[in-house]
Amino acid sequence: MLATIWFLLWILLWAVYFILDGFDLGAGTLLPFLARNDMEKRYIYNASGPFWDGNEVWLITAGGVTFAAFPVAYATMFSALYAPLLILLFALIFRAAAFEFRNKVHCDRWRSFWDLCLVLGNFLPALLLGVAFANLFRGIPIDADGVYHGTILTLLNPYGLAGGVLFVLMFAFHGALWLEIRTMGDLRDRARRAAFAIWPLLLSMTLLFIALTAMYTNTFNTFRSHPVMYVALVLAVAGLIAARLTLGNGAMLAAWLSSALFILGATFFGALGMYPNLIISSIDPAYSVTVTNGASSPLTLMIMLGVALVAVPVVILYQLWVYFAFARRLSPEELASDHAY
């Protein structure tokens, strides 16, 4: 029972990370398509500026929970996905450096270099996270000892690539909505038009990914055994449709929240389809890491649950304060501040 609770919490932590850092990843990916001059680039930087490092806390939390609650899964996952995770790590490092260093030197080449780092530092994590999670849903070639029998090219299968494209579009849509909320002028108008343009692509990719999920995974067999899990798919579809309706009505905050609901439902849809597995072996299902054979001791899980019930609400309250304090439309005066990026 405790292992199942932590499995659900594990999914929730990843979903929160995708929702919060997703708009950062999406906004940075869209920078070369939306920004026409240096001032507009600075708007995009500062739209995420107060939030990006706090949002990444949820990535650390999700990884930490994987390590503490499911150590066997952690060891297997970080061994099998070592190459893409290392690329993701370096991309996030260069993204952080871009925020800090771009505005330190008034030189076009200097700023162009860090702009490139920002774009790649947002696009690559979005793509790699999608590829990694899609392969976890599908299954990876691990043996009885958890040894990965493949290369990074093994992960670049049709289903994995579809997951990567889905994540890029999902975060780009989420980021475009955030930029519409946070920016002004022509950039705001272009961000809104980008959201309109991305939505049909996201819808098409979502439908394709669901179809491929039925072909390549046992997700729907699992859902038929546990019909309550269909709630995740319903939430994802409802969020995607609501995002388009509210976008058309000009209710941008509602559109962003609907996009967040779509990400939440999509994450639970994919991860619940693995249950009771955490890492599925494509060599032999008997080699899979499950919530039973991959979990820590019941005492460890109980102690962790107590700590989480105390600590997580504190983190949530702090982040709510940050968003309340900074999530307003940017002005030229704020960009002129010494604290602006």
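A 6.0 Å sphere centred on CG of Asp108 holds no more than 12 heavy atoms belonging to other residues, nucleotides or ligands. When the shell of 6.0 Å around CZ of Phe196 is examined, it contains more than 12 heavy atoms from other residues, nucleotides or ligands. Counting non-hydrogen atoms of other residues, nucleotides and ligands closer than 6.0 Å to CZ of Phe94 gives a total of 12 or fewer. The local environment of OH in Tyr82 is sparse, with at most 12 non-hydrogen atoms from other residues, nucleotides or ligands closer than 6.0 Å. Taking a 6.0 Å sphere around CE of Met184, one finds it holds more than 12 heavy atoms contributed by other residues, nucleotides or ligands. By the neighbour-count criterion of 12 heavy atoms within 6.0 Å, atom OH of Tyr230 is densely surrounded, having more than that number from other residues, nucleotides or ligands.
Pro32 and Val119 get closest at one heavy-atom pair: CD-CG2, 3.6 Å. When all heavy atoms of Ala295 and Val291 are compared, the pair lying nearest together is CB-O, 3.1 Å. Residues Phe167 and Ala126 come closest through the heavy atom pair CB-O, 3.3 Å. In terms of heavy atoms, Met205 sits closest to Val165 at SD-CG1, 3.7 Å. Scanning all heavy atoms of the two residues, the minimum distance from Ile152 to Ala83 falls at CD1-CB, 4.0 Å. For Ala194 against Ala176, the heavy-atom pair with the smallest separation is CB-CB, 4.4 Å.
Under 3.5 Å, the side chains of Thr222 and Thr219 contain no donor-acceptor pair of N or O atoms. If you check the side chains of Asn103 and Arg111, you find a donor sitting under 3.5 Å from an acceptor. There is no side-chain donor-acceptor pair under 3.5 Å between Trp256 and Glu180.
A single hydrophobic cluster is not seen to contain both Val234 and Ile241; linkage of ILVMFWY side chains at heavy-atom distances under 4.5 Å, directly or through other members, places them apart. Placement of Val147 and Met77 in two distinct hydrophobic clusters is found when ILVMFWY residues are connected by side-chain heavy-atom separations under 4.5 Å, directly or transitively. Hydrophobic clustering (side-chain heavy atoms under 4.5 Å, transitive across Ile, Leu, Val, Met, Phe, Trp, Tyr) groups Leu20 together with Val322. Linking Ile, Leu, Val, Met, Phe, Trp and Tyr whenever their side-chain heavy atoms come within less than 4.5 Å leaves Val57 and Ile11 in two separate clusters. Cluster annotation: Phe262 is connected to Leu257 through the hydrophobic network of ILVMFWY side chains, with a link wherever side-chain heavy atoms come within less than 4.5 Å.
For the atom pair CG of Leu25 and CG of Leu127, the computed distance is 11.5 Å after rounding to the nearest 0.5 Å. Between the CG atom in Leu9 and the CG atom in Leu309 there is a gap of 8.0 Å [rounded to 0.5 Å]. Rounding to the nearest 0.5 angstrom, the gap separating the CD atom in Glu40 from the CG atom in Leu31 is 10.0 Å. One distance of note links CE of Met39 with CD1 of Ile44; it measures 13.0 Å at 0.5 Å rounding. To the nearest 0.5 angstrom, Trp52 atom CH2 is 9.0 Å from Leu92 atom CG. With rounding to the nearest 0.5 angstrom, the CG atom of Leu59 is 7.5 Å from the CG atom of Leu129.
A salt bridge is absent between Glu334 and Arg329; no separation between the charged side-chain nitrogens and carboxylate oxygens falls under 4.0 Å. For Asp186 and Arg36, the salt-bridge test fails: no basic side-chain N is under 4.0 Å from an acidic carboxylate O. Contact check on Arg102 versus Asp38 returns a salt bridge, with a Lys/Arg side-chain nitrogen under 4.0 Å from an Asp/Glu carboxylate oxygen.
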Derivation of the side-chain contact (heavy atoms from CB on, under 4.5 Å) call for Val289 and Asn277: CA-CA 6 Å; Val289 180; Asn277 299 303; over 6 Å; no

Leu81 vs Leu155, side-chain contact (heavy atoms from CB on, under 4.5 Å): CA-CA, chis, key distance, verdict: CA-CA 9 Å; Leu81 304 177; Leu155 305 175; 3.7 Å; yes

Residue pair Leu301, Leu305: steps toward the side-chain contact (heavy atoms from CB on, under 4.5 Å) verdict: CA-CA 6 Å; Leu301 296 178; Leu305 186 60; over 6 Å; no

Phe220 and Ile210: CA distance, side-chain angles, deciding distance, side-chain contact (heavy atoms from CB on, under 4.5 Å) verdict: CA-CA 10 Å; Phe220 287 101; Ile210 292 173; 3.9 Å; yes

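The backbone N or O of Leu153 sits less than 3.5 Å from a side-chain atom of Thr151, completing a donor-acceptor pair. Formation of a donor-acceptor pair under 3.5 Å by the Ser296 side chain with backbone atoms of Ala68 is found in this model. With hydrogens and angles disregarded, a donor-acceptor distance shorter than 3.5 Å links the side chain of Arg42 to the backbone of Leu335. At least one donor-acceptor pair under 3.5 Å links the side chain of Arg190 to the backbone N or O of Leu34. Formation of a donor-acceptor pair under 3.5 Å by the Asp284 side chain with backbone atoms of Tyr287 is not found in this model. In this structure, the side chain of Arg95 does not engage the main chain of Gly28 through any donor-acceptor pair within 3.5 Å. Listed for the Ser79 side chain is no donor-acceptor partner under 3.5 Å among the backbone atoms of Thr76. A donor-acceptor contact shorter than 3.5 Å links the side chain of Ser281 to the backbone of Ile142. With Gln319 contributing its side chain and Gly54 its backbone, the two residues share a donor-acceptor pair below 3.5 Å. Proximity of a side-chain donor or acceptor of Asn135 to a complementary backbone N or O of Ala132 within less than 3.5 Å is not detected.
Remark: aromatic rings of Trp178 and Phe23 are close, center separation under 6.0 Å. Taking the six-membered ring for Trp and the full ring otherwise, the centers of Phe70 and Trp6 sit at least 6.0 Å from each other. The aromatic ring centres of Phe137 and Tyr216 sit 6.0 Å or more apart. Residues Trp14 and Phe133 place their aromatic rings such that the two centres sit under 6.0 Å apart.
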Can you give each donor-acceptor pair under 3.5 Å made by side-chain atoms of residues 267-275, sequence neighbours left out, with the distance rounded to 0.1 Å?
residue, atom, partner, partner atom, Å
Thr267, OG1, Ile263, O, 2.8
Tyr275, OH, Thr4, OG1, 2.9

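Relative orientation of the Tyr74 and Phe67 rings is perpendicular, given thresholds of 30° and 60° on the angle between their planes.
Of the residues listed (Trp58, Tyr323, Phe324, Trp321), the one engaging Phe51 in a ring-ring contact (aromatic ring centres under 6.0 Å, His included) is Tyr323, and it is the only one. Each of Tyr341, Phe99, Trp114 was checked for a ring-ring contact (aromatic ring centres under 6.0 Å, His included) with Tyr45, and the lone residue meeting it is Phe99. Tested against Leu128 for a side chain to side chain contact (heavy atoms under 4.5 Å, CB included), the candidates Ile87, Leu85, Leu86 yield a single pass: Ile87. Each of Asp53, Asn122, Asn55, Asp24 was checked for a side-chain hydrogen bond (donor to acceptor under 3.5 Å, both in side chains) with Ser48, and the lone residue meeting it is Asp24.
Put simply, the side chain of Leu166 reaches to within 4.5 Å of the side chain of Leu202, judged on heavy atoms.
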